[in-house]
Visitor: 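Let me begin by handing over the structure; questions about it come next.
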Amino acid sequence: MSSTAKKTSRKGAAKKTVKSTIVPDMLEANMSIETNAQLAARRELAVPRGVASATQIYAKYAENAELWDEDGNRYIDFVGGIGVLNTGHRHPKVVAAAKAQEDQYTHTSFQVVPYGPYIELAEKLNALAPGDMPKKTLLVTTGAEAVENAVKIARAATGRPGVVAFTGAYHGRTLLTLGLTGKVSPYKKDVGPFPADIFRAPFPSQRDGITVEDAIIGLKNLFLTDAQPERIAAIIIEPVLGEGGYTPVPFDMMRQLREICDEHGIMLIADEVQAGFGRTGTWFAIEHSGVVPDLITVAKSMAGGYPLAGVIGRADVMDAMAPGGLGGTYGGNPVACAAALAAIAAIEDEGLLARSARMGEHLKARFAEIGARAAPFRMWDIRGLGAMVAVEFVTDFDTAKPDGDFTKRVIAHALKRGLLLLSCGMQGNAIRVMVPLTASDEIVEEGLAIFEAAVLAAVADDTF
Ligand code: PMP
């Protein structure tokens with residue numbers, strides 16, 4: 001790292017300017033200097049259009065909650081690589097742990113020559129996960145892979161094929177997980193058929209007037225009409241719907257799901273890929289409901305920016321698969337395991353669970369102010385658990401029609417002003433906050449000020 005980059009560390013990073021002092025040094029240190037536009041032109045020819053990017057900026061350097069692009073522009077990062085950076089970009093402890101591991105060995109394949117960091121991380125995750133029963137952990141590489149394996153394990157443990165997922169769910173882009181994902185465009189378009197024995201139950205929705213009671217009736221009806229409960233291996237649910245809109249599962253619903261699973265011998269899988277590791281103020285979002293799932297899928301913020309995912313679960317269930325049935329060449333990569341142990345230690349040492357809860361309260365209060373001031377009758381809902389917060393935009397309060405176009409414009413205006421935002425929700429009309437929990441109050445405030453300016457600009461587009 002250049003000396004200037006070192007100086008502009010967490011404490012001293014540039015505050016208001018768009019051009020940073022870091023980038024010229026970083027560019028000097030880099031032989032191939034390219035602009036955003038040059039990379040975009042090369043990408044057009046080299047990368048399929050199916051891999052879409054929400055922005056046209058290309059990353060050059062990032063630290064904690066700030067990112068600089070190839071043109072030298074600075075951004076406050078409220079996206080964190082889609083919920084991966086609860087401990088921020090390049091947390092010093094995470095980077096140091098990964099580097100130390102790189103000096104020892106980077107890959108042996110756990111299935112050939114196993115290693116300590118995998119065991120240590122599994123022990124840590126078993127201890128952190130809810131429930132005082134014995135637990136075991138499988139490590140893989142991506143969230144979708146974790147979900148695939150959780151389903152395999154549930155099938156092996158129950159000897160049943162069926163899986164129930166919910167409307168608005170997102171569980172990944174592989175073929176099995178796409179079958180579970182409850183959104184056609186863009187994910188499921190043109191790539192079916194999907195695996196059999198996947199059933200969909202209604203997720204409660206204030207907008208659609210679906211109460212918890214209705215949702216549970218819907219699930220019970222599913223058992224009467226299409227899905228014999230004795231043939232269902234698992235019910236999979238995100239304790240806070242992620243891509244689907246940052247909507248927490250009402251605790252009462254989660255408790256009823258647990259009862260239904262117990263009644264029929266069904267495994268309850270909590271998909272914590274996006275909600276885990278402090279995002280909601282607890283290690284796992286399901287803890288808020290007091291429910292103990294049989295299996296938990298994890299990824300994203302677990303490893304502070306390294307590709308790592310896992311399934312944590314009841315030891316007896318996790319042992320259902322025969323030796324050799326689980327794994328993959330890279331699963332539980334040692335560098336990623338070392339990074340994860342450091343990221344988890346950072347969450348513990350820096351009190352990030354409590355910070356998440358505080359940050360969530362603050363974000364909700366500030367969004368309420370901003371909504372009332374900058375866009376009266378457009379910000380229809382502010383919701384979430386801990387710092388897993390989203391705001392939802394509508395055309396007006398009377399019709400409460402989702403306004404994805406307005407939301408897109410807020411995001412575009414924010415980007416121009418130096419704030420990275422990402423939408424979520426079935427109609428793309430919510431903006432979710434995934435700012436690192438390590439971000440300083442000043443940076444969060446700076447981001448919120450840009451957010452307000454962006455909302456005002458989007459309202460002005462409508463007026464003129
Ligand atoms: N489950 C949930 C809840 C997710 O949010 C995601 C990713 N957004 C996935 C699974 C899939 O994870 P990955 O993209 O790492 O495959």
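Counting starts at 1 for both ligands and their atoms, following the listed order. Just so it is clear, the values below take in all heavy atoms, side chains as well, and ignore hydrogens, waters and symmetry mates.
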Visitor: What atoms of ligand 1 come closer than 4.0 angstrom to any heavy atom of T142?
Guide: 15 (O), 16 (O)
Visitor: Check each atom of ligand 1 against the heavy atoms of H171 and keep those under 4.0 Å away; list them by number with element.
Guide: 1 (N), 10 (C)
Visitor: Is the count of non-hydrogen atoms from other residues, nucleotides or ligands lying under 6.0 Å from R43 atom CZ greater than 12?
Guide: yes
Visitor: Going by distance only, is there an N or O of G143 that falls short of 3.5 Å from an N or O of ligand 1?
Guide: yes
Visitor: For the residue pair V433 and F451, establish whether any side-chain heavy-atom pair is separated by less than 4.5 Å.
Guide: no
Visitor: Once you measure the plane-to-plane angle for Y61 and W68, does it fall in the parallel (<30°), tilted (30-60°) or perpendicular (>60°) bin?
Guide: tilted
Visitor: Any donor-acceptor pair under 3.5 Å linking the side-chain atoms of Q274 with those of Y246?
Guide: yes
Visitor: Name the closest protein heavy atom to atom 1 (N) of ligand 1, giving the residue it belongs to and the distance to 0.1 Å.
Guide: D271 OD2, 2.7 Å
Visitor: How close does the nearest protein non-hydrogen atom get to atom 5 (O) of ligand 1, and which residue and atom is it?
Guide: Q274 NE2, 2.8 Å
Visitor: Does any part of the side chain of I312, heavy atoms only, come nearer than 4.5 Å to the side chain of M318, both counted from C-beta?
Guide: no
Visitor: If we only count N/O pairs under 3.5 Å, is K300 in contact with ligand 1?
Guide: yes
Visitor: If we count only non-hydrogen protein atoms and require a distance under 4.0 Å, does atom 14 (O) of ligand 1 qualify as touching the protein?
Guide: no
Visitor: Let me see the working for Y170 and Y187 under ring-ring contact (aromatic ring centres under 6.0 Å, His included), right down to the final yes or no.
Guide: CA-CA 10 Å; Y170 185 91; Y187 310 122; 4.9 Å; yes
Visitor: Distance to 0.1 Å, residue and atom name: give those for the protein heavy atom nearest to atom 16 (O) of ligand 1.
Guide: A144 N, 2.8 Å
Visitor: Among all the protein's non-hydrogen atoms, which is closest to atom 2 (C) of ligand 1, and how far away is it?
Guide: Y170 O, 3.3 Å
Visitor: Should the heavy atoms of other residues, nucleotides or ligands under 6.0 Å from OH of Y330 be counted, would the total exceed 12?
Guide: no
Visitor: Which ligand 1 atoms does E238 reach within 4.0 Å, using its non-hydrogen atoms?
Guide: 3 (C)
Visitor: Using heavy atoms and a threshold below 4.0 Å, how should the contact between E145 and ligand 1 be classified: side chain, backbone, both, or neither?
Guide: neither
Visitor: I'd like to check L125 versus L121 (side-chain heavy atoms, cut-off strictly below 4.5 Å). Are they in contact?
Guide: yes
